[in-house]
Student: 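Just dropping this structure here.
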Amino acid sequence: MTRIQKMSLDYHFKVEQESGSFMHAFFGFNGTAGVWRVSAINESGGWKDRTTVEDMDLAVRACLKEWEFLYVGDIRVKSELPSTFKAYRHQQHRWTCGAANLFRKMGWEIVTNKGVSIWKKWHLLYSFLFVRRVIAPILTFLFYCVVIPLSAMVPEVHIPVWGLVYIPTAITIMNAIRNPGSLHLMPFWILFENVMSMHRMRAALTGLLETAHVNDWVVTEKVGDVVKDDFEVPLLEPLKPTECVERIYIPELLLALYLLICASYDYVLGSQTYFMYIYLQALAFIVLGFGFVGMKTPCS
């Protein structure tokens, strides 16, 4: 899980943010290792807690006030990745739900703003918020975890090669550019991200529709200095029954069952060869559904 997070975050920092700084003088500030001018914060309306991505909220408002952002990539600071799958799920829910909710709250404000160019409005509204924060998680889940498996059972449905192979391959290569040494892990990254797309889609719809859990805030659990050098691998420790139950995620296991049915149908009766991919994706849902990723979650 650590290596997979590294691949995703490397793309986020070194591609999304650096290109945003270079092309548009804007990128989504994510609260880590950032320096702000006090005047920029005050002029942009200050710190607001109306969404769970208050750092991104401030960045968008500052951009609309024509403040420019600079990404400095040669400065390194210490940070920590979520070490449990539970903590990672909470983090991704907060990021995805908050960004979709910010799109809902600021969409019209961006359109009607007269202080920035149409090009920057387009980047903010369409590319930065709508495509990356709303459409991407929904489309990823529906296409890879619903449409492809279902098409294996419905021979009348034909998926074009460009949608099935070319575009996914291009996206994978883009994410692999920053991690040539982790190229062998890309299949695991794809399967893991497809599983997480279910969680992110739910979070995006929650933020977009502003349902009951839109402002749920769970602080990401950090291990920090508590971990010692002689700390044993938690997954090798025997788990108590209560801890095993807490590691089980029912939605992932239900979807794994659906994928297994689709793959088995395609293998026995279907004319496609999708079953090879679908079986692997079902296995990924099973592994994550039983919590066999990251450190163990302690009994609460």
Student: Same cluster for Leu283 and Met1 if Ile/Leu/Val/Met/Phe/Trp/Tyr side chains link at under 4.5 Å?
Tutor: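 Looking at the clustering, Met1 is in the same group as Leu283.
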Student: Would you say the side chain of Trp217 lies within less than 4.5 Å of the side chain of Asp49, judging by non-hydrogen atoms?
Tutor: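 Not in contact.
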Student: Just so I know, are the side chains of Leu257 and Leu253 near enough to count as touching, which here means a heavy-atom distance under 4.5 Å?
Tutor: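 Not touching, per the 4.5 Å side-chain cut-off.
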Student: Is it the case that the side chain of Arg94 and the backbone of Val219 share a donor-acceptor pair, with hydrogens and angles ignored and the cut-off at 3.5 Å?
Tutor: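 A pair under 3.5 Å: no.
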Student: Determine, stepwise, if the pair Met106 / Met56 fulfils side-chain contact (heavy atoms from CB on, under 4.5 Å).
Tutor: CA-CA 11 Å; Met106 294 202 66; Met56 184 186 294; over 6 Å; no
Student: Please state whether the rings of Phe192 and Tyr88 are parallel, tilted or perpendicular, taking 30° and 60° as the class boundaries.
Tutor: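 Correct class here is tilted.
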Student: How many angstroms lie between atom CG of Leu254 and atom CE of Met198, to the nearest 0.5 angstrom?
Tutor: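 Result: 8.5 Å between the selected atoms.
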Student: Nearest heavy-atom pair of Lys120 and Ala25: which atoms, and what distance?
Tutor: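 It is NZ-CB, 4.4 Å.
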Student: Test of understanding: with ring-ring contact (aromatic ring centres under 6.0 Å, His included), list the residues that count as partners of His90, not counting sequence neighbours.
Tutor: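 With neighbours one apart ignored, the set is empty.
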Student: Identify every side-chain donor-acceptor pair in residues 162-170 under 3.5 Å, counting partners at least two apart or on other chains, and give the distances.
Tutor:
from: Thr169; atom 1: OG1; to: Val165; atom 2: O; distance (Å): 2.6

Student: Answer yes when Lys105 and Glu210 have at least one side-chain N-carboxylate O distance shorter than 4.0 Å, and no when they do not.
Tutor: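 Between Glu210 and Lys105 there is a salt bridge, with a charged N closer than 4.0 Å to a carboxylate O.
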Student: Side-chain contact, heavy-atom cut-off 4.5 Å: Met7 with Asp10?
Tutor: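 A side-chain contact is absent here, since even the closest heavy-atom pair is not under 4.5 Å.
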Student: Please step through side-chain contact (heavy atoms from CB on, under 4.5 Å) for the pair Leu81 and Leu9, ending with a clear verdict.
Tutor: CA-CA 10 Å; Leu81 297 173; Leu9 288 174; 3.2 Å; yes
Student: Side chain of Glu54, backbone of Trp47: donor and acceptor closer than 3.5 Å?
Tutor: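 The answer is no, because no donor-acceptor pair under 3.5 Å joins these two groups.
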Student: Would you list the pairs meeting side chain to side chain donor-acceptor pair (under 3.5 Å) in which at least one residue belongs to residues 126-150, sequence neighbours left out?
Tutor: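 Non-adjacent pairs meeting side chain to side chain donor-acceptor pair (under 3.5 Å): Glu16-Arg132.
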Student: Roughly how far apart are Cys63 SG and Glu68 CD, rounded to 0.5 Å?
Tutor: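 So the SG of Cys63 and the CD of Glu68 are separated by 9.0 Å.
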Student: Taking the six-membered ring for Trp, is the centroid-to-centroid distance between Tyr258 and Phe285 below 6.0 Å?
Tutor: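 So the answer is no for these two rings.
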Student: Mind listing the closest non-hydrogen atom pair of Ala204 and Ala100 along with its distance?
Tutor: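 Looking at all heavy atoms of both residues, the shortest contact is O-CB, 3.4 Å.
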Student: Report yes if some heavy atom in the side chain of Trp122 is under 4.5 Å from a heavy atom in the side chain of Ser117; otherwise report no.
Tutor: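 Counting from C-beta outward, Trp122 and Ser117 never come under 4.5 Å.
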Student: Just checking Phe188: does its CZ atom have more than 12 heavy atoms from other residues, nucleotides or ligands closer to it than 6.0 angstrom?
Tutor: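 Atom CZ in Phe188 is not crowded, with 12 or fewer foreign heavy atoms closer than 6.0 Å.
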Student: Let me check something: do Val72 and Val15 share a hydrophobic cluster, defined by ILVMFWY side-chain heavy atoms less than 4.5 Å apart, either directly or through other members?
Tutor: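 No, separate clusters.
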Student: Please list, chain by chain and in numerical order, all residues satisfying ring-ring contact (aromatic ring centres under 6.0 Å, His included) with Phe275, sequence neighbours excluded.
Tutor: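 ring-ring contact (aromatic ring centres under 6.0 Å, His included) list for Phe275, sorted by chain: Tyr267.
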Student: State, with a plain yes or no, whether a side-chain heavy atom of Phe141 is found less than 4.5 Å away from one of Leu255.
Tutor: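 Phe141 reaches Leu255 side chain to side chain.
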Student: Check step by step if side-chain contact (heavy atoms from CB on, under 4.5 Å) holds for Val195 and Val287.
Tutor: CA-CA 10 Å; Val195 175; Val287 170; over 6 Å; no
Student: Is any side-chain heavy atom of Leu259 closer than 4.5 Å to a side-chain heavy atom of Tyr279?
Tutor: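 No, too far: nothing below the 4.5 Å cut-off.
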Student: For Trp119, which residues count as a side chain to side chain donor-acceptor pair (under 3.5 Å) partner, sequence neighbours excluded?
Tutor: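 Result, side chain to side chain donor-acceptor pair (under 3.5 Å) vs Trp119: His24.
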Student: Report yes if some heavy atom in the side chain of Leu64 is under 4.5 Å from a heavy atom in the side chain of Leu124; otherwise report no.
Tutor: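 Heavy-atom side-chain distance check passes, below 4.5 Å.
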Student: Residues two or more places apart in sequence or in another chain: which of them pass ring-ring contact (aromatic ring centres under 6.0 Å, His included) with Phe13?
Tutor: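 So Phe13 forms no ring-ring contact (aromatic ring centres under 6.0 Å, His included) with any residue.
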Student: Tell me the closest heavy-atom pair linking Phe143 and Pro149, and the distance in Å.
Tutor: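 Smallest heavy-atom distance, with atoms named: O-CD, 4.4 Å.
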Student: If only atom types and distance count, is the side chain of Thr220 paired as donor or acceptor with the main-chain N or O of Gln91 below 3.5 Å?
Tutor: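 Answer holds: no.
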Student: Enter the distance from Ile110:CD1 to His123:NE2 here, rounded to the nearest 0.5 Å.
Tutor: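 NE2 of His123 is found 10.5 Å from CD1 of Ile110.
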Student: Distance-only, no hydrogens or angles: does the Glu66 side chain make a donor-acceptor pair with backbone N or O of Val116 under 3.5 Å?
Tutor: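 It does not hold such a pair.
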Student: Salt bridge (charged side-chain N to carboxylate O under 4.0 Å, His left out) for Glu43 and Arg37? Distances and angles first, verdict last.
Tutor: CA-CA 10 Å; Glu43 188 179 325; Arg37 288 187 182 273; over 6 Å; no
Student: Aromatic rings Phe27 and Phe69: how do their planes relate, parallel, tilted or perpendicular, breaks at 30° and 60°?
Tutor: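 Because their plane-to-plane angle is over 60°, the rings of Phe27 and Phe69 count as perpendicular.
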Student: Evaluate whether atom CG of Leu269 has more than 12 neighbouring non-hydrogen atoms of other residues, nucleotides or ligands under 6.0 angstrom away.
Tutor: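 Yes, CG of Leu269 has more than 12 neighbouring heavy atoms, counting only those of other groups under 6.0 Å.
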Student: Give the minimum heavy-atom separation between Ala256 and Ala282, together with the two atoms involved.
Tutor: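 Smallest heavy-atom distance, with atoms named: CB-O, 3.8 Å.
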Student: Going through the checks in order, is the salt bridge (charged side-chain N to carboxylate O under 4.0 Å, His left out) test met by Glu193 and Arg200?
Tutor: CA-CA 10 Å; Glu193 286 295 301; Arg200 293 191 184 108; 3.0 Å; yes
Student: With a 4.5 Å cut-off on side-chain heavy-atom distances among I, L, V, M, F, W and Y, is there a chain of contacts connecting Phe26 to Trp67?
Tutor: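 The answer is no; the residues belong to distinct hydrophobic clusters.
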Student: Would you say Ser21's side chain and Glu18's backbone share a donor-acceptor pair under 3.5 angstrom?
Tutor: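 Side chain of Ser21 to backbone of Glu18: no pair is present.
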Student: Quick check against the 3.5 Å criterion: does Gln281 have a side-chain atom that pairs as donor or acceptor with the backbone of Leu191?
Tutor: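 Answer holds: yes.
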Student: Working to the nearest 0.5 Å, report the span between SG of Cys145 and CD1 of Ile278.
Tutor: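 The SG atom of Cys145 sits 10.5 Å away from the CD1 atom of Ile278.
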Student: Assigning hydrophobic clusters by single linkage (Ile, Leu, Val, Met, Phe, Trp, Tyr; side-chain heavy-atom cutoff under 4.5 Å), is Val60 placed with Leu58?
Tutor: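 Yes.
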Student: Please assess Leu150 against Val157 for the test side-chain contact (heavy atoms from CB on, under 4.5 Å), listing each intermediate value before the final yes or no.
Tutor: CA-CA 9 Å; Leu150 196 59; Val157 176; over 6 Å; no
Student: Which heavy-atom pair separates Asn101 from Gly207 by the least distance, and what is that distance?
Tutor: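 Taking Asn101 first and Gly207 second, the nearest heavy atoms are ND2-O, 3.0 Å.
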Student: Verify the cluster assignment for Trp95 and Met201: are they in a single hydrophobic cluster under the rule of side-chain heavy atoms below 4.5 Å apart?
Tutor: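 Each belongs to a different hydrophobic cluster.
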Student: Nearest 0.5 angstrom please: Asn215 CG to Thr206 OG1, how far?
Tutor: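 So the CG of Asn215 and the OG1 of Thr206 are separated by 11.0 Å.
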Student: How many angstroms lie between CE in Met196 and CD1 in Ile4, if you round to the nearest 0.5 Å?
Tutor: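 So the CE of Met196 and the CD1 of Ile4 are separated by 10.5 Å.
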Student: Could you tell me which non-hydrogen atom of Arg202 sits nearest to which non-hydrogen atom of Pro251, and how far apart they are?
Tutor: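 The answer is NH1-CG, 3.9 Å.
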